[in-house]
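Here the structure is a predicted model, which is why all the values come from computation and not from measurement. Note that ligands are numbered from 1 as they come in the structure, with each ligand's atoms numbered from 1 the same way.
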Amino acid sequence: MADKKALLSIPGMEDGTNQALELPIYSGSLGPDVVDVRGLTSSGLFTYDPGFVSTASCESKITYIDGDKGILLHRGYPIEQLAEQSDYLETCYLLLYGDLPSRQEKEKFENTIMRHTMIHEQMSDLFSGFRRDAHPMAVMCGVVGALSAFYHDSLDITNELHREICAYRLISKMPTLAAMAYKYSIGQPFIYPRNDLSYGGNFLHMMFATPCEEYEVKPVLAKAMDRIFLLHADHEQNASTSTVRLAGSSGANPFACIAAGIAALWGPAHGGANEAVLVMLNEIGDEANIDEYIAKAKDKDDPFRLMGFGHRVYKNFDPRAKVMKQTCDEVLTELGLENDPLFRIAKRLERIALEDEYFIKKKLYPNVDFYSGIILKALGIPTEMFTVIFATGRTPGWIAHWHEMISGDYRIGRPRQLYTGEAKRDYIHVADRS
Ligand code: SDX
């Protein structure tokens, strides 16, 4: 509860005095205190915060980020420890249930997820409605939303069991739909999921196997895929998670909410950045061109930004980028690609940027998207599939936030505005207009 109060002095009372308004201040377990501004409406004022730079939209126990110290905790566990010692499905369990599973709980959760990876066979027909050259994110927006047209037996969001079934179905089926979007784009047959493979291994098998011959997934690649999903699993109230929460606040079904999150993630300022980083590195093409692109990124008149750099919250290293860079090193070395030209350009670009006054002053560091694309490319995944991978990895985070909101007290999200349009004016018939 409130243990401190903020005092607001509001000018403009009829008698020329100021209205004194006390607003409660709440403290969390970690991070900044918050001022509860709900009492402001009595004064007739709104708060104004485009982009929600200084706004806490909700209370949450799932993920904590300290942008100045480069800290990321999932239910209190540091991302570095989870990346090193846990795995993706265990992290999914942690995000959903709040604690690490016991051995039995872990086994049961993994078995349940891996035995629900098939989709309703009729959903396969949906893909043929898309052009083969559609962006796979466009396909994912469609087919994930369509899950509510096939699994409407468990859409009562007031029913805890239904909420859990939806969570499991989404985590299980996202990789299958993602791989199908890729296979459809290259005209190859869909590959059914395999229950005997790991989550990451099954995804790579569905992506690259064909009916013509056995496809063996290299363990190091399956592990790298699992690590990439894990590093994308959740990230507090980012744009796509906030979209899922806002959609969910109207009572929309979870499949529709996740489809809304996928749409928000697609933008190049958000999850679309990993694809944009690869496009940028290919455009730079050679280490000799790096200085030219650094200059473009600093030029206010040039819309070019260094993709994969900067973050709304991190004003220090994105801890995920550090782990991703280390994974990049491991995978490329394992594959004998340590001299990968794009990786060389990326490492040199990072070194130059981090020594440049502009980036230092604006606290622009590599974010999660800067190195992920290089690993994904090394795994054989095409650039336009990168954000689909991000969406697949982020599904447990989106679901955990949706579930946290729906399981508690919530109201429909309905922000207000600062109106600067026309005052009331009367209609003029077209015959009387100049
Ligand atoms: C993700 O929120 C999350 O947690 C997201 C995410 C998650 O896991 O969900 O972490 C995933 O989206 C990572 C971010 C991926 N996006 C990119 O890499 C795209 C490139 N980065 C930027 O577009 C930008 O840094 C954002 C969008 C990430 C952050 O934007 P902000 O917080 O609104 O910051 P801003 O645009 O106001 O920039 C502040 C200043 C500006 O200069 P001034 O107007 O003050 O002079 O820094 C400059 C910007 O021009 N700047 C950059 C830059 N990013 C910011 N200049 C050059 N290159 C960049 N990349």
Hey, would you say the F370 and H311 ring centroids sit under 6.0 Å apart?
no
Looking only at protein heavy atoms, which one is nearest to atom 17 (C) of ligand 1, and what is the separation?
A273 CB, 3.5 Å
Tell me which protein heavy atom sits closest to atom 21 (N) of ligand 1, plus the residue, atom name and distance to 0.1 Å.
F309 O, 2.9 Å
Nearest protein heavy atom to atom 36 (O) of ligand 1: under 4.0 Å?
yes
Say whether K315, considering both its backbone and side-chain N or O atoms, lies within less than 3.5 Å of an N or O atom on ligand 1.
no
Would you call D234-R75 a salt bridge at under 4.0 Å N-O?
no
Test item: L8 and V35 side chains (from C-beta on) under 4.5 Å apart, heavy atoms:
no
Specify whether the nearest protein heavy atom to atom 26 (C) of ligand 1 is under 4.0 angstrom away.
no
Please say whether K362 places an N or O atom under 3.5 Å from an N or O atom belonging to ligand 1.
yes
Heavy atoms of the protein only: does one fall short of 4.0 Å from atom 60 (N) of ligand 1?
yes
Atom 42 (O) of ligand 1 has as its nearest protein heavy atom K300 NZ, 3.4 Å
Minimum-distance protein heavy atom relative to atom 16 (N) of ligand 1
A269 O, 2.9 Å
For ligand 1, which atoms sit closer than 4.0 Å to a heavy atom of R394?
7 (C), 8 (O), 9 (O)
Would you be so kind as to tabulate the donor-acceptor pairs closer than 3.5 Å made by side chains of residues 342-353, with sequence neighbours excluded?
| from | atom 1 | to | atom 2 | distance (Å) |
| --- | --- | --- | --- | --- |
| R344 | NE | E287 | OE2 | 3.0 |
| R344 | NH1 | N339 | O | 3.0 |
| R348 | NE | E287 | OE1 | 3.3 |
| E350 | OE1 | K325 | NZ | 3.0 |
| E350 | OE1 | Y371 | OH | 2.1 |

Test of proximity, L364 against ligand 1: N or O pairs below 3.5 Å
no
Nearest protein heavy atom to atom 4 (O) of ligand 1, by residue and atom, and its distance?
H235 ND1, 2.6 Å
Establish, yes or no, whether a centroid distance under 6.0 Å links the rings of Y365 and Y314.
no
Below 6.0 angstrom between ring centroids: does that apply to F109 and Y168?
yes
In the protein, what heavy atom is nearest to atom 58 (N) of ligand 1, and what distance, to one decimal place, separates them?
L306 N, 3.1 Å
Verify the contact flag for atom 39 (C) of ligand 1, where contact means a protein heavy atom under 4.0 Å away.
no
Measure from NZ or CZ of R227 to the centre of the six-membered ring of Y88, then state whether that distance is under 6.0 Å and the direction lies within 45° of the axis.
no
State, yes or no, whether a side-chain contact exists between N111 and K108 at a heavy-atom distance under 4.5 Å.
no
How close does the nearest protein non-hydrogen atom get to atom 15 (C) of ligand 1, and which residue and atom is it?
D369 OD2, 3.2 Å
Heavy-atom check, side chain of I191 versus side chain of K183, under 4.5 Å
yes
Could you tell me whether H311 and ligand 1 have an N or O pair separated by under 3.5 Å?
yes
I want to know if ligand 1 touches G308 in the polar sense, i.e. an N/O pair below 3.5 angstrom.
yes
Using a 4.5 Å cut-off on heavy atoms from C-beta on, say whether the side chain of E334 contacts that of K223.
no
Of all heavy-atom pairs linking Q237 and S60, the shortest is NE2-CB, 3.8 Å
